[in-house]
J.: 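Sharing a structure below in structure tokens format, with a few things to ask.
The basis for the numbers below is simple: all heavy atoms, side chains too, and nothing from hydrogens, waters or symmetry mates.
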Amino acid sequence: MTLITILKAVFCLSVFTLTTSRKNSPHELQVMNRLALATSLLILAFLSQGSIVFGDSTIAPPPIEASPAIENQETTPTEAIAPPPIVEATESTATPPQDDAKTEPSTAPANPTAKPTAATQPASSDMPPEVRLEVLTDVLDTAVAQTTTLTPGKKRQIESMALNAYRKSEGASLWGDAYPAAQVHQQLIDLLKTHRYPEPDLTLSFPTDLDIRSDSPVSADDISITLALAETSLRLKQGPTNDPEWPHWVYSDYPYATTDADHYDHITARFAKTAEATDVPIEVAEDFIPKNWIYQRLFSEIQRLENAPPAPRLKVVGLVKVGNEFDQARELAHYLMSEGHLPSEELVKIGNEYSQSLSDAVKSFQKSRNLQADGILGPNTAHQLVHRDADDKVRLMINLHRARRLPDLMGERYLLANLPSGEVHGMDGDDETLRMRVVFGKDMAGRRTPLFRDHMEQVVFSPYWNVPYNIATKEGPYRNLSYLARNNYKIISSRTGREMPLTWSSLQQVPKYGSYIRQDGGKGNALGLVKFLFPNSHAVYMHDTPHKHLFSSDYRSHSHGCVRLQKPAEMANWILGSYDRWNEDTINSAIHGGKRVGVYLEDYIPVYMTYFTAFPDPTKEVGVGHYRDYYRYDQPGAEVDKPAPRSAPVKYTQTTPQSSSYSKPAKKTSSSSSYKKKTSSSSSSTKKTPPAWLSRLRSRINQ
């Protein structure tokens, strides 16, 4: 008789006795109650635990027989069967060998790309997640501190990227044993080489045989791979270490970013998210390859140029113009078509004559080479066609690294001004919907247009111009009262904002920040009839100009730093055209109305001030324009946006304004004769005033 049968019998007897006997004493009833309760508890314990232990013996429940319906059901992949406890094998407990044909595998075959499970972790993976992460923090800190090829800032960022990735995995291995560190390192170096990294940057900073703590929850290979991925991702995103920085640039993938504050966190979070989403290490670094259209086009152009046939060697002695016979016309046409300058449908029309379509293609090539774009084929153009490949490859690689600075998402609508090409492009998504020439900063310290990004917030019609301090105090015309009066300038108090008399004493307050110079709006204003504001610390914006003749020149580096627009009315229509209140007529009325009107934009427009001496035409699928290096930023060792040396304010010369509503009779200066007379009568003075001609000479020297 089994134990369960005995317990059932005792329980039933107790219940029967309690329910049938009425003559039992209270003491007997109490005993029966306790016996029934104890029996019930034993039965419940048996049912919940599956076995009852008495002393050294264990009594297991009888096997449960499955019904035929259950036996015929297939187990779904999601059903999991708990494995038996792992027991160390000994001679007495070892399982005898079985026939291989009858033995079913206990686990699935190893997948080299699968994330590691807990069973594949080192013994220390049994640590709680917070302990694993604490140990990993120390391991990563030690590993990163050992390298001497990275700046402190890069070290902190790489360590943060790696640690954040391990936080996502709760301190578990990211790559398992499927990828040796040496193999992954070589893949990363090949990736950098593909994206045109120079030789010095083709060595990773972390060794493949890291020496780490023995209690590390992940292997040395896993940590080496993760650190190498973080370093390569940063290089692909930010460029080579020897590439000149754009010191005012915001490195962010958000189109409206104005500071670098979020870039660090964004890169760190993006790295961890990508590492969590893939099982293949190289895919993490590939995710950081820039995706903006300028980078993609420049990268494609480098590859195309490496595989392109050589340019034709043209036999040009004089000038070849439209209508002239030219035996190499078709050879030239094939080449210009491959460069994206001649439409393919025009090729069939080319014979042995220098046609208009061929001239237009040559004009497009000349423009892309910063030559005089007249469409005439001469020796200089022919020379540029043949002797350009070597220089182009170097220039393309320089600008490819610059394109890494642009965000992957540049905005739904944005403006991009490229200084070397002297143009601004209005982009709606991937389509160019506006283009015009610009005049930009002169190649002088303190006048170069800075390279930065911001967003446009306001359009101002008939603007006045607050003359910047460095212009008002360092350039001659703005210290001359007559010049200021003739050109509608006023002096404004810095304290009250009110107009001051146009006098010598008011002008002397400008270097002391007690006043500033303002030019009234309207015709003749230095900003023209409209300006476009994107507030920034450089006091740089886009605006109209009365000096229209500068746009016809191929050399357009003339301004103090701001960007002058060739077609400001078109820019205003491009910006405000979608607003209900504004159309072409109302915009023209505001431009010529003579009244200062400011329009705040409902949707800010990202603005990018860039410097690409090799720049793809957004209206063409192939071809890249090559432009003058105005600021010599392509030269080795160039310093971008180097600040101007500080200089003392200019000395003001007192003059009488020719016309001014506030003009007063100026005091006459002493003549040379009265000067001599005065000095002779005051011979007791120990300090003599220099003659007027010497003061003027010193003033010119100090300018």
J.: Main chain of Ala275, side chain of Thr278: is a donor-acceptor contact present, judged purely on distance under 3.5 Å?
T.: no
J.: Is the shortest side-chain N to carboxylate O distance from Arg304 to Glu301 below 4.0 Å?
T.: yes
J.: Taking the side chain as C-beta and beyond, is there a heavy-atom pair between Thr449 and Cys562 under 4.5 Å?
T.: no
J.: More than 12 foreign heavy atoms under 6.0 Å from CD of Glu283: is that the case here?
T.: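 Yes, the 6.0 Å shell around CD holds more than 12 heavy atoms from other groups.
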J.: Using 4.0 Å as the upper bound for N to carboxylate O, is an ion pair formed by Arg395 and Asp392?
T.: yes
J.: Around atom NZ of Lys291, are there more than 12 heavy atoms of other residues, nucleotides or ligands at under 6.0 Å?
T.: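 It does: Lys291 NZ has more than 12 such atoms within range.
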J.: Taking the six-membered ring for Trp, are Tyr608 and His425 ring centroids under 6.0 Å apart?
T.: no
J.: With sequence neighbours excluded, tell me which residues meet side-chain hydrogen bond (donor to acceptor under 3.5 Å, both in side chains) with Asp221.
T.: none
J.: Verify side-chain hydrogen bond (donor to acceptor under 3.5 Å, both in side chains) between Trp175 and Ser219, making sure each step is shown before the conclusion.
T.: CA-CA 10 Å; Trp175 316 110; Ser219 66; over 6 Å; no
J.: Is it true that Glu423 and Lys367 make a salt bridge, defined as a side-chain N closer than 4.0 Å to a carboxylate O?
T.: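 Salt bridge flag = yes for Lys367 with Glu423.
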J.: Do you know the tightest heavy-atom contact between Gly171 and Pro217?
T.: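 Residues Gly171 and Pro217, closest heavy atoms: O-CB, 3.9 Å.
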J.: Taking 4.0 angstrom as the limit, do Asp408 and Arg270 come out as a salt bridge?
T.: yes
J.: Just to verify, which of Tyr555, Phe612, Tyr611 counts as forming a ring-ring contact (aromatic ring centres under 6.0 Å, His included) with Tyr630?
T.: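 Result: among Tyr555, Phe612, Tyr611, Tyr555 is the only option passing the ring-ring contact (aromatic ring centres under 6.0 Å, His included) with Tyr630.
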J.: Would you name the heavy atoms of Val184 and Pro281 that are closest together and state the gap between them?
T.: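 For Val184 versus Pro281, the nearest heavy atoms are CG1-CB, 4.1 Å.
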J.: If you compare all heavy atoms of Val622 against all heavy atoms of Gly340, which two are closest, and at what distance to 0.1 Å?
T.: CG2-CA, 3.6 Å
J.: With a 3.5 Å distance limit and no angle check, can you tell me whether His401 reaches the backbone of Arg196 through a side-chain donor-acceptor pair?
T.: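 Yes: the side chain of His401 pairs with the backbone of Arg196.
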J.: For the residue pair Tyr604 and His455, categorise the inter-ring angle as parallel (less than 30°), tilted (30 to 60°) or perpendicular (more than 60°).
T.: parallel
J.: Applying salt bridge (charged side-chain N to carboxylate O under 4.0 Å, His left out) to Arg628 and Asp554, what does each step give before you reach the verdict?
T.: CA-CA 10 Å; Arg628 188 197 308 266; Asp554 290 331; over 6 Å; no
J.: When you check the side-chain N and O atoms of Ser224 and His185, is any donor under 3.5 Å from an acceptor?
T.: yes
J.: Would Leu565 and Phe551 count as a side chain to side chain contact (heavy atoms under 4.5 Å, CB included) if you check the C-alpha gap in whole Å, the side-chain angles of each, and the deciding distance to 0.1 Å?
T.: CA-CA 9 Å; Leu565 301 173; Phe551 296 108; 5.6 Å; no
J.: Test of understanding: with side-chain hydrogen bond (donor to acceptor under 3.5 Å, both in side chains), list the residues that count as partners of Tyr254, not counting sequence neighbours.
T.: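 Residues passing side-chain hydrogen bond (donor to acceptor under 3.5 Å, both in side chains) with Tyr254: His266.
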J.: My understanding is that only residues two or more places apart in sequence, or in another chain, count here; which of them pass ring-ring contact (aromatic ring centres under 6.0 Å, His included) with Trp246?
T.: Trp249
J.: What pairs meet the ring pair (Phe, Tyr, Trp, His ring centres under 6.0 Å) rule with one or both residues in residues 205-225, with sequence neighbours excluded?
T.: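 Passing the test, one end in residues 205-225: no pairs.
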J.: Okay, side chain of Arg556, backbone of Val438: is any donor-acceptor separation there less than 3.5 Å?
T.: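 Answer holds: yes.
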J.: Over 60° means perpendicular and under 30° means parallel, so tell me whether Phe534 and Phe452 are parallel, tilted or perpendicular.
T.: tilted
J.: Using a 6.0 Å cut-off, check whether atom CD of Glu621 has over 12 heavy atoms from anything other than its own residue.
T.: no
J.: Carefully, step by step, assess Ile223 and Tyr166 under the rule side chain to side chain contact (heavy atoms under 4.5 Å, CB included).
T.: CA-CA 10 Å; Ile223 292 176; Tyr166 281 118; 3.8 Å; yes
J.: Going by an N to O cut-off under 4.0 Å, is there a salt bridge joining Asp253 and Lys237?
T.: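 So Asp253 pairs with Lys237 through a salt bridge.
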J.: For the residue pair Pro616 and Leu298, what are the closest heavy atoms and their distance?
T.: CD-CD2, 4.1 Å
J.: Can you name the closest pair of heavy atoms from Lys155 and Ala145 and give their distance?
T.: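 Heavy atoms only, the tightest pair is NZ-O, 3.9 Å.
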J.: Evaluate side-chain hydrogen bond (donor to acceptor under 3.5 Å, both in side chains) for Ser205 paired with Glu231, printing each intermediate quantity in order.
T.: CA-CA 8 Å; Ser205 303; Glu231 181 183 9; 2.6 Å; yes
J.: Grab the two heavy atoms, one from Lys531 and one from Tyr541, that are nearest each other, plus how far apart they are.
T.: CD-CE1, 4.1 Å
J.: Distance under 6.0 Å and angle within 45° of the ring axis: does Arg405 meet both against Tyr251?
T.: no
J.: With a 4.0 Å cut-off on N to O distance, would you call Glu570 and Arg435 a salt bridge?
T.: no
J.: Within the supplied structure, the quantity of interest is the number of heavy atoms (other residues, nucleotides, ligands) at a distance under 6.0 Å from Gln183 CD; does it exceed 12?
T.: yes
J.: Could Arg413 and Asp603 be called an ion pair, given the rule that one side-chain N must be under 4.0 Å from one carboxylate O?
T.: no
J.: Tell me, with the steps shown, if Leu406 and Thr610 meet side chain to side chain contact (heavy atoms under 4.5 Å, CB included).
T.: CA-CA 9 Å; Leu406 295 173; Thr610 65; 4.2 Å; yes
J.: Hey, mind stepping through Thr433 and Asp431 against side-chain hydrogen bond (donor to acceptor under 3.5 Å, both in side chains) and telling me if it holds?
T.: CA-CA 6 Å; Thr433 53; Asp431 300 323; over 6 Å; no
J.: Heavy-atom count check: over 12 atoms from other residues, nucleotides or ligands less than 6.0 Å from Lys442 NZ?
T.: no
J.: Just say parallel, tilted or perpendicular for the rings of His195 and Tyr295, cut-offs at 30° and 60°.
T.: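 Geometry flag for Tyr295 against His195: parallel rings.
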J.: Answer yes or no: does atom CD of Glu306 have more than 12 heavy-atom neighbours from other residues, nucleotides or ligands under 6.0 Å?
T.: yes
J.: So do Pro535 and Glu457 actually touch side chain to side chain, heavy atoms under 4.5 Å?
T.: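 With C-beta onward as the side chain, the pair touches.
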J.: Name the atoms and distances for all side-chain donor-acceptor pairs under 3.5 Å in residues 135-143, with sequence neighbours left out.
T.:
{"from": "Thr137", "atom 1": "OG1", "to": "Leu133", "atom 2": "O", "distance (Å)": "2.7"}
{"from": "Asp138", "atom 1": "OD2", "to": "Arg213", "atom 2": "NH1", "distance (Å)": "2.8"}
{"from": "Thr142", "atom 1": "OG1", "to": "Asp138", "atom 2": "O", "distance (Å)": "2.9"}

J.: Of Lys193, Gln187, Gln186, which meets side-chain hydrogen bond (donor to acceptor under 3.5 Å, both in side chains) against Asp190?
T.: Gln186
J.: State, with a plain yes or no, whether a side-chain heavy atom of Arg156 is found less than 4.5 Å away from one of Val144.
T.: no
J.: Give every residue pair that meets the ring pair (Phe, Tyr, Trp, His ring centres under 6.0 Å) criterion with at least one member in residues 212-235, sequence neighbours excluded.
T.: none
J.: Quick check: do Leu434 and Met571 have side-chain heavy atoms less than 4.5 Å from each other?
T.: yes
J.: Answer whether the closest heavy-atom distance between the side chains of Arg404 and Leu236 falls below 4.5 Å.
T.: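 In short, these two side chains touch, coming nearer than 4.5 Å.
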J.: For Gln296, look at atom CD and say whether over 12 heavy atoms of other residues, nucleotides or ligands are found less than 6.0 Å away.
T.: yes
J.: Ion pair present between Arg402 and Asp634, side-chain N to carboxylate O less than 4.0 angstrom?
T.: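 Yes.
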J.: As a quick check of understanding, evaluate side-chain hydrogen bond (donor to acceptor under 3.5 Å, both in side chains) for Ser173 and Asp222, giving each step before the final call.
T.: CA-CA 7 Å; Ser173 173; Asp222 201 273; 2.6 Å; yes
